[in-house]
Every structure is written in structure tokens, then in C-alpha cells.
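Naming convention: chains lettered A, B, ... in sequence-line order (proteins, then strands); numbering from 1 in each chain. Side-chain atoms are counted along with the backbone in the values below, which use heavy atoms only and exclude waters and symmetry mates.
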There are 2 protein chains.
Amino acid sequence: MSYTNEELMPKSEVIGILRQHQISPTQQRVEIAQILMSKPQHLCAEQVLEIVNQDRPKVSKATVYNTLGLFARKGLVQELIIDPTKVYYDSNTRHHHHFYNVDTGELVDINKEEVDVARLPNLPMGTIPDGVDVVVRVRKAS
Amino acid sequence: MSYTNEELMPKSEVIGILRQHQISPTQQRVEIAQILMSKPQHLCAEQVLEIVNQDRPKVSKATVYNTLGLFARKGLVQELIIDPTKVYYDSNTRHHHHFYNVDTGELVDINKEEVDVARLPNLPMGTIPDGVDVVVRVRKAS
DNA sequence: CTGCTTGCAAAGGCTTTGCAGAACA
DNA sequence: TGTTCTGCAAAGCCTTTGCAAGCAG
């Protein structure tokens with residue numbers, strides 16, 4: 001996995017997005033957000049760490065974890081709890097769903113228009129909706 | 001959480017179910033299956049460990065983990081990857097979905113009839129379906 | 001008997017945390 | 001200057017594994 005400057009969103013734009021989400025744009029946060037925002041993708045903390053530091057050390061592991069958690073709380077990215085061994089962060093914040101290949105761990109987006117969750121049951125008492133996640137598990141044809 | 005004998009499925013019946021799933025019925029597996037099969041519920045390994053050993057030590061931690069993994073592979077229970085910190089095992093094997101309270105971690109079943117996943121997109125090339133999980137995240141009304 | 005299963009303790013992987021120093025306003 | 005943030009290392013939690021002893025068929 002390699003990222004050249006041409007593929008990346010300009011830092012100024014990233015800073016604007018961070019501010020919109022009430023996140024003060026430190027150097028490290030901009031570096032991380034720049035990678036995530038530049039295209040829709042699913043990355044775990046370890047992958048972000050590797051990409052952000054591919055040229056020279058820029059962000060520590062602890063900061064990557066803490067920053068991804070912060071971004072998720074602020075709605076900049078979405079946590080995906082699908083792989084039992086680690087959390088993935090989805091930079092696509094439009095409402096959508098996922099294919100999950102149980103053999104390879106691969107995640108693929110599904111546009112929300114391609115799934116009809118037509119009818120939803122009544123929520124448990126005293127709760128309000130927080131989102132609907134549809135995961136279509138697939139495995140390789142044998 | 002407490003379990004009396006009256007609430008539990010008879011061991012003979014549990015052994016039959018294990019055999020149907022190609023699982024040789026050792027003492028420990030019967031103990032664990034008996035708890036899981038006796039009613040629909042969502043339990044993590046630690047909870048199973050606690051319940052199975054509530055009177056006297058019967059099954060070790062390693063065996064609980066390995067047995068739950070075995071049961072899941074054999075289709076006796078279903079792994080739920082919803083809580084980011086641990087795996088839950090669902091003894092309800094009928095097709096259904098879940099409410100997940102992000103504040104409390106509470107899981108509640110949704111009958112499959114109460115959700116319409118009407119239209120599904122084409123699967124990625126070379127894959128076959130393995131299941132559809134719908135998670136309706138809710139949080140407490142503020 | 002022969003292979004499968006168990007239990008213990010240790011190891012492993014992912015994530016969080018405590019705290020001192022650095023950056024920022 | 002006071003607050004926030006970062007980095008390092010250590011700790012924490014859930015889960016898996018290596019291996020010797022035990023059990024099932």
C-alpha cells in the first residue's frame with residue numbers, strides 16, 4: 001500500500017473538515033485524516049500506522065489509536081465491528097452497508113440504495129435509533 | 001445469573017443435539033451446551049464460564065473458549081461480532097437479527113419477519129452467500 | 001491402545017492508559 | 001502560563017496455544 005502526494009486531499013481541505021467536526025487540527029490528526037479522507041476505504045489502526053509513517057516516523061501508535069477513536073466519536077469516520085480480531089475504520093460516512101468475505105476478511109461497500117431494509121420493528125422502550133448496519137457475509141465459491 | 005436444574009434441557013437431549021452436529025459429547029461439551037440450548041440467549045465466554053462453574057469447577061477457561069469456537073464452526077450456535085470488546089454466542093439458530101444498545105451493550109433479538117431485507121445486490125465475483133446480519137444500533141433516549 | 005480432549009500456564013494480538021515532555025493558544 | 005496533545009512503555013483484556021495428563025471409543 002503506497003500513497004503519493006497526488007492522491008491525497010490537500011492539507012488545507014483536511015483541516016477544514018476537522019474543524020467542521022470540532023476537532024482541533026494538530027499535525028498528527030491532519031496526517032491521519034488526510035489518509036482516511038482521500039478515498040473511501042476500510043483501514044484498521046495498524047494499517048493507518050503503517051501508511052502514515054511510510055516515509056518517516058510521523059505519528060506514534062498510541063496517537064493513531066487515540067485519534068481514530070476520536071474521529072469515530074466525532075463522526076468523521078465509522079467504526080466497523082465485523083472482523084472479530086480488530087476494529088476497522090470506514091472513511092465513507094455516507095450511509096451504506098458491507099460485504100464481508102469471511103475467508104479473506106475483505107470488506108466491500110454496498111450502496112444503501114442496493115439494500116432495502118423496508119420495515120423496522122419498534123425499538124426497545126426508552127431507546128432511540130443510532131443506525132442500521134447490514135453485513136452480507138460471503139465466502140469463496142467452492 | 002442463576003440456573004436451576006428444572007430450567008435446563010435434559011442431558012440426554014443435549015447429547016442428541018451434539019451428535020446431530022457431529023460433535024462428540026464429552027462431559028464438558030454437554031455442560032456447556034446444556035446452558036446454551038436451554039433458552040435463546042447471548043452469552044460471552046466469560047459468562048458461560050461463570051454459569052457452568054457456578055456450583056463446582058466443571059470446565060476450564062481454555063475449554064470454554066475452544067468449545068464455543070467448535071460449536072460455532074459446527075453451527076450449533078452463532079458468533080455475534082457486535083460488541084467491539086468481545087464475541088457473543090447466540091444460542092438462537094433460527095435466522096434473526098439484533099438490536100444493540102451501544103450504551104449498555106444489551107442485545108435483543110429481532111424476528112426475521114420484522115425486518116425486510118428486500119433487495120440484495122449482486123455478490124462479489126467468486127463468492128457465495130454465507131448470511132445476512134442486520135444490527136439496529138440504539139441508544140438510550142436522552 | 002490410539003487419538004481426541006482437557007487443563008494449566010504462558011504467550012499473543014489488539015487496544016488503552018499513566019505520565020512526562022512538547023506543542024499550542 | 002495553562003491547557004491540550006503526543007509518545008513511550010507498561011498494563012489490560014480477550015483469546016489462543018503448547019504440552020503433559022486424562023478420557024473416549
- For dT6(D), take OP1 and OP2 only and decide whether either is under 4.0 Å from a side-chain N or O of Thr63(A). no
Expressed in angstrom and rounded to an integer, what is the separation of [X] atom [atom1] from [N] atom [atom2]?
X	N	atom1	atom2	value
Asp83(A)	dC14(D)	CG	P	18 Å
Ile81(A)	dC14(D)	CD1	C1'	14 Å
Lys86(A)	dT16(D)	NZ	P	13 Å
Tyr89(A)	dC14(C)	OH	P	13 Å
Asn53(A)	dG7(D)	CG	C1'	12 Å
Gln47(B)	dT15(D)	CD	P	11 Å
Lys58(B)	dG22(D)	NZ	P	22 Å

- Note on the structure: In Leu68(A), Leu43(A), Leu49(A), Val14(A), the residue satisfying side-chain contact (heavy atoms from CB on, under 4.5 Å) with Ile32(A) is Leu68(A)
- Item | Single hit among Glu13(A), Gln34(A), Met37(A), Glu31(A) for side-chain contact (heavy atoms from CB on, under 4.5 Å) with Leu8(A) | Gln34(A)
- Item | Exercise: do Lys74(B) and Gln22(B) side chains pair donor with acceptor under 3.5 Å | no
- Query: Do we see a donor-acceptor contact under 3.5 Å between the side chains of Asp109(B) and His42(B)?
  - Reply: yes
- Task: Report yes if some heavy atom in the side chain of Tyr89(B) is under 4.5 Å from a heavy atom in the side chain of Val48(B); otherwise report no.
- Result: no
- Item | Step-by-step salt bridge (Lys or Arg N to Asp or Glu O under 4.0 Å) determination, Asp130(A) to Arg139(B) | CA-CA 6 Å; Asp130(A) 191 61; Arg139(B) 51 199 171 78; 2.8 Å; yes
- Could you go step by step and tell me if Ser24(A) and Arg19(A) meet the side chain to side chain donor-acceptor pair (under 3.5 Å) rule? CA-CA 6 Å; Ser24(A) 39; Arg19(A) 291 223 163 90; over 6 Å; no
- Message: Does anything in residues 65-73 of chain A come within less than 4.0 Å of DNA chain D? Heavy atoms only, and list the residues if so.
- Response: none
- Task: Strictly below 4.0 Å, heavy-atom distances to any atom of DNA chain C: list the hits from residues 19-32 of chain A, or just say none.
- Result: none
- Note on the structure: Heavy-atom nearest pair, Val136(A) first then Ile110(A), reads CG2-CD1, 3.9 Å
- Task: Check whether any side-chain N or O of His98(A) sits under 3.5 Å from a backbone N or O of Val108(A) as a donor-acceptor pair, and report yes or no.
- Result: no
- Message: Nearest heavy atom decides the nucleotide; on that basis, is Thr85(B) or Ala62(A) closer to the 5' end of DNA chain D?
- Response: Ala62(A)
- Query: Hey, which of these two, Lys61(A) or Glu46(B), hits DNA chain D nearer its 5' end, going by closest nucleotide?
  - Reply: Lys61(A)
